[in-house]
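We count ligands from 1, going down the list as the structure has it; atoms in each ligand are counted the same way. Computed from a predicted structure; not experimentally measured.
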Amino acid sequence: MAINPDRLVKMVDRMPTFPKSAHRIIELTNDVNCAPRDLVGVIEHDPILTLKVLKLVNSSYFGLASEITSVKHAVVYLGINTIKNVALGVATMGALPKENEVGFDMAQFWWHSLLTGALARLIARKRNGSEQELSNSFVGGLLHDIGKVVLVLFFPEEYKQCLEKSSAENCAPYKTEQEVLSMDHAGIGAVVAEKWQLPEVLVDCIRNHHELSQGEDSSLLEKSLFVGNQLSKLAAQTEEQEEVLLPPLPNHLNAWLGQTLQEELDSHNELPDEIEKAKMFIELSG
Ligand SMILES: [Fe+2]
Ligand SMILES: [Fe+2]
């Protein structure tokens, strides 16, 4: 049942291309001199993106008193970072299919991805990450499980087996994938990110989000994403009252964090807001 690497490359080629506007936003994000008007320009260049961003900005979540009718005003009212994240989320989600054959819950997938992005960003911010590291943490979180979408779309039978086996044996899905498919969604996600020509740091953090390749010498981005992914599962558990078995963190990450996952989660007061925002995203981005 192992997936042949050549077959994987062929399948990844059939993945939708990464939206040009999202690509430009990431590029701008990595440029410290990026001016708000450049971002406005990129969004306005894409009419569908503009419409969706304005729809979200005017949603009850942001609770703005008057209606915002231009991207420029959206940036003035909500700040460049919020608009950057909104635009990236909308563009990425819009590019990928909403339905699939294996009964994989896409809404849940995006909820987990958005929340992981938000949490990874908060974790990096608390540890004095640079603006660039914060942005990459959000994008890394948004895209970290993208390999699962490849499995859902192009290897539905194999993936279904993996999901069943991992829940029957109570084993982490990525470990079951390694066992059954000889590769996992983290490695597959890195292949997709490479094909999308994302910056190397993003490719690496996607590849290493379950197993940090550099141990304690891993970058702030990789550590924040790793912990953000775990916290996102923990947050879902609190929301749905469903118990999730989280593997213990490697010792060096425990030391880096300086507290338990639950304590770290509780320390982020912005979390309820981020959860609401993620829900609103899913509802409105369809
Ligand atoms: Fe994952
Ligand atoms: Fe994940």
What are the protein N, O or S atoms, given as residue plus atom name, that sit under 2.8 Å from the Fe ion (ligand 1)?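 Listed by chain and number, the nearby protein N, O or S atoms are Asp145 OD1, His185 NE2, His209 NE2, His210 NE2.
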Check: Asn58 side chain, Ile68 main-chain N or O, donor-acceptor pair, under 3.5 Å: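 Between the backbone of Ile68 and the side chain of Asn58 there is a qualifying donor-acceptor contact (under 3.5 Å).
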Using atom types as modelled and distance alone, determine if a side-chain donor or acceptor of His210 lies under 3.5 Å from a backbone N or O of His185.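 No, His210 side chain to His185 backbone: no donor-acceptor pair under 3.5 Å.
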OH of Tyr77: more than 12 outside heavy atoms within 6.0 angstrom? no
Which pairs with one or both residues in residues 222-231 pass side chain to side chain donor-acceptor pair (under 3.5 Å), sequence neighbours excluded?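 Matches after skipping sequence neighbours: His112-Asn229, His144-Asn229, Asn208-Glu222.
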Run the numbers on Glu27 and Val42 for side-chain contact (heavy atoms from CB on, under 4.5 Å), then give the verdict. CA-CA 11 Å; Glu27 260 172 28; Val42 172; over 6 Å; no
With a 3.5 Å cut-off and no angle check, do the side chains of Asp266 and Gln262 form a donor-acceptor pair? yes
